[in-house]
Amino acid sequence: MPVPVPRQRNVPVAETAPGGAGGDLTLLVVEDDPAGTLSVPDLLDGSGTRVRIRTARNLTEAERLLTDDVHCVIVDLALPGRAQDDALGALKHVLRLAPRHAVLALTASGDAELAAEAVRVGAQDHLVRDELDGRLLTRAVRYAVERKRADTAQVKLAESRLRAQENARLERGLLPTPLLEGSDLRFAARYRPGRSRALLGGDFYDTVRTPDGTVHAMIGDVCGHGPDEAALGVELRIAWRALTFAGLCGDDLLSTLQQVLEHERESEEIFATLCTVDIAPDGRRAGLCLAGHPTPLIARHGRAAQLLPYDDGGPALGLLPRARWPRRQVELGGSWSLMMYTDGLIEGRKGPDTKQRLGQDDMVAMINRQLSAGLEGEALLEAAVGEVRELNGGDLTDDVAVLLLSRNGTGR
């Protein structure tokens with residue numbers, strides 16, 4: 001039969017307040033001798049600390065007296081347990097009743113081995129009955145409470161680290177792996193979630209090559225940047241990949257993604273912006289769809305980078321039930337770099353002393369400076385995200401995702 005656990009607050013006294021200097025301590029003594037060594041109601045040591053003592057003659061009384069204001073429990077190892085219990089049955093019972101309280105074992109002078117075994121199974125320390133006095137008792141209780149508090153903190157820290165490692169592995173596994181085998185396009189991406197210590201935010205992206213040789217790229221942004229938005233972004237990205245391989249494109253694809261969003265979001269206020277590009281097998285032209293998303297930037301060989309012209313995009317997904325998203329054909333040329341990004345890249349401040357946003361025009365100017373310095377690929381994106389953060393005067397509060405596809409025009 002499971003041992004009943006007494007009702008305890010989330011943070012018992014024993015974990016947070018071991019009695020400051022001169023503060024009182026409450027001790028529960030479990031022994032079956034009414035006239036035992038610790039039968040007095042309280043003790044006062046030389047430092048002025050008062051130890052208030054409650055006594056329980058059996059485990060049933062101990063369970064009733066084990067309240068939140070108890071700092072420590074002393075268990076007499078001579079206390080009889082149940083018939084099937086071993087010599088430490090009573091102690092083990094109390095350890096199950098009080099998993100977050102400090103526990104001391106009380107032994108006779110000749111029970112050294114039993115005392116050591118008591119510490120091994122979970123007691124913070126042991127006391128010898130014949131050697132007890134007020135000063136020793138107070139010190140032992142204080143040390144036991146502090147040791148229990150430290151052990152609890154260490155366990156919580158270890159659990160927190162394990163959860164963080166598991167979350168990191170999960171989030172890392174949900175980050176996209178581009179599928180571009182057989183394409184002559186080069187791929188680079190940078191991702192920086194707005195959440196502290198996170199790998200995923202509400203931004204999402206993906207790139208795949210379908211069997212006909214077309215390269216499809218997508219970048220999107222779920223409003224907000226918490227764990228729920230990150231989960232929804234992953235769902236939309238996986239749905240986009242599946243629908244793309246199923247042959248959907250343009251308005252048909254975005255309409256279906258909107259249905260996915262409407263079914264998966266927690267409230268009708270949640271929406272997502274999206275930009276999709278499908279690049280022809282020859283790499284010279286592409287179809288572009290925008291759903292409330294910033295226009296991509298293109299840098300052609302020998303020319304300054306500029307935003308792709310696009311004036312008739314559709315609304316963000318989830319805003320209008322019967323929206324349409326026209327697909328516009330754009331010419332890319334022979335050698336080019338196409339940069340897709342979320343609004344986190346352009347909504348940071350232009351400087352630490354201003355509230356003015358960077359915006360698309362200043363972002364284009366920044367990219368052109370970096371291109372003139374000879375940066376490309378991963379180095380270009382790293383410099384862009386780093387400069388945006390520096391201009392903002394510190395970490396960006398919004399998620400940032402940037403994707404770069406490049407073609408050198410040699411047919412490599």
Side-chain angles (χ1 to χ4, degrees), residues 188-192 194 201-205 217-221 223 225 271-277 279 286-316 319 325-333 335-407:
R190 276 292 177 272
Y191 193 94
R192 185 185 295 272
D203 291 1
F204 54 99
Y205 67 88
M218 170 271 292
I219 195 165
D221 182 4
C223 63
H225 51 269
F271 63 90
T273 66
L274 200 70
C275 170
T276 67
V277 174
I279 302 171
L288 172 64
C289 287
L290 294 178
H293 200 85
T295 307
L297 176 149
I298 188 167
R300 298 181 176 91
H301 181 67
R303 297 163 59 180
Q306 61 182 8
L307 298 175
L308 283 176
Y310 198 97
D311 299 325
D312 53 351
L319 292 183
W325 295 272
R327 177 177 175 272
R328 176 166 183 163
Q329 191 78 11
V330 296
E331 294 297 324
L332 301 177
S335 297
W336 47 265
S337 291
L338 183 69
M339 190 178 89
M340 305 163 67
Y341 54 93
T342 56
D343 59 8
L345 188 69
I346 58 177
E347 290 190 347
R349 294 177 295 173
K350 292 180 63 174
D353 299 324
T354 179
K355 294 183 178 180
Q356 188 175 358
R357 302 295 183 183
L358 179 65
Q360 288 180 296
D361 291 340
D362 286 325
M363 179 203 67
V364 173
M366 176 189 70
I367 295 297
N368 277 318
R369 289 194 306 271
Q370 293 165 347
L371 289 171
S372 299
L375 298 179
E376 61 180 17
E378 298 278 355
L380 174 63
L381 299 189
E382 186 70 26
V385 174
E387 184 170 340
V388 167
R389 181 182 179 279
E390 183 178 348
L391 289 172
N392 189 62
D395 289 334
L396 300 163
T397 57
D398 198 5
D399 306 322
V400 177
V402 193
L403 185 155
L404 186 69
L405 290 170
S406 304
R407 182 175 185 268

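- Qualifying side-chain contact (heavy atoms from CB on, under 4.5 Å) partners for Gln306, counting only residues two or more places apart in sequence or in other chains: Ile298, Arg300, Arg303.
- Residues forming a side-chain hydrogen bond (donor to acceptor under 3.5 Å, both in side chains) with Thr295 (at least two apart in sequence, or on another chain): none.
- Residues passing the side-chain contact (heavy atoms from CB on, under 4.5 Å) test with Cys289, sequence neighbours excluded: Leu254, Thr276, Arg327.
- Here the straight-line distance linking atom CD of Glu347 with atom CG of Leu358 works out to 10.5 Å at 0.5 Å rounding.
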| field | CA sep, side-chain torsions, deciding dist, call: Leu308, Leu338, side-chain contact (heavy atoms from CB on, under 4.5 Å) | value | CA-CA 9 Å; Leu308 283 176; Leu338 183 69; 3.8 Å; yes

| Audit row: His293, Asp343, side-chain contact (heavy atoms from CB on, under 4.5 Å) steps and yes/no | CA-CA 8 Å; His293 200 85; Asp343 59 8; over 6 Å; no

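- Applying the side chain to side chain donor-acceptor pair (under 3.5 Å) test to every pair with at least one member in residues 358-367, sequence neighbours left out, gives these pairs: Tyr341-Gln360, Lys350-Asp362.
- The side-chain heavy atoms of Ile346 and Arg357, taken from C-beta on, include no pair separated by under 4.5 Å.
- Between atom CG of residue Leu345 and atom CE of residue Met339 there is a gap of 5.5 Å, rounded to the nearest 0.5 Å.
- The closest donor-acceptor contact from the side chain of Tyr205 to the backbone of Ala217 lies at 3.5 Å or more, if one exists at all.
- For Asp221, there are no side-chain hydrogen bond (donor to acceptor under 3.5 Å, both in side chains) partners two or more places apart in sequence or in a different chain.
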| query | Can Leu404 and Glu376 be said to form a side-chain contact (heavy atoms from CB on, under 4.5 Å), step by step? | reply | CA-CA 9 Å; Leu404 186 69; Glu376 61 180 17; 6.0 Å; no

| message | One pair to check against side-chain contact (heavy atoms from CB on, under 4.5 Å): Arg407 and Leu332. What are the steps and the verdict? | response | CA-CA 10 Å; Arg407 182 175 185 268; Leu332 301 177; over 6 Å; no

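- Side chain of Trp336 to backbone of His301: no donor-acceptor contact under 3.5 angstrom is found.
- Atom OH in Tyr191 sits 9.0 Å away from atom CD1 in Ile219 (nearest 0.5 Å).
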Enumerate, atom names and distances included, each donor-acceptor pair closer than 3.5 Å involving a side-chain atom of residues 382-393, sequence neighbours excluded.
residue	atom	partner	partner atom	Å
Glu382	OE1	Arg190	NE	2.4
Glu382	OE1	Arg190	NH2	3.1
Glu387	OE1	Gln370	NE2	3.0
Glu387	OE2	Arg369	NH2	2.7
Arg389	NE	Asp395	OD1	2.6
Arg389	NH2	Asp395	OD1	2.9
Asn392	OD1	Arg349	N	3.0
Asn392	ND2	Gly394	O	3.4
Asn392	ND2	Asp395	O	3.3

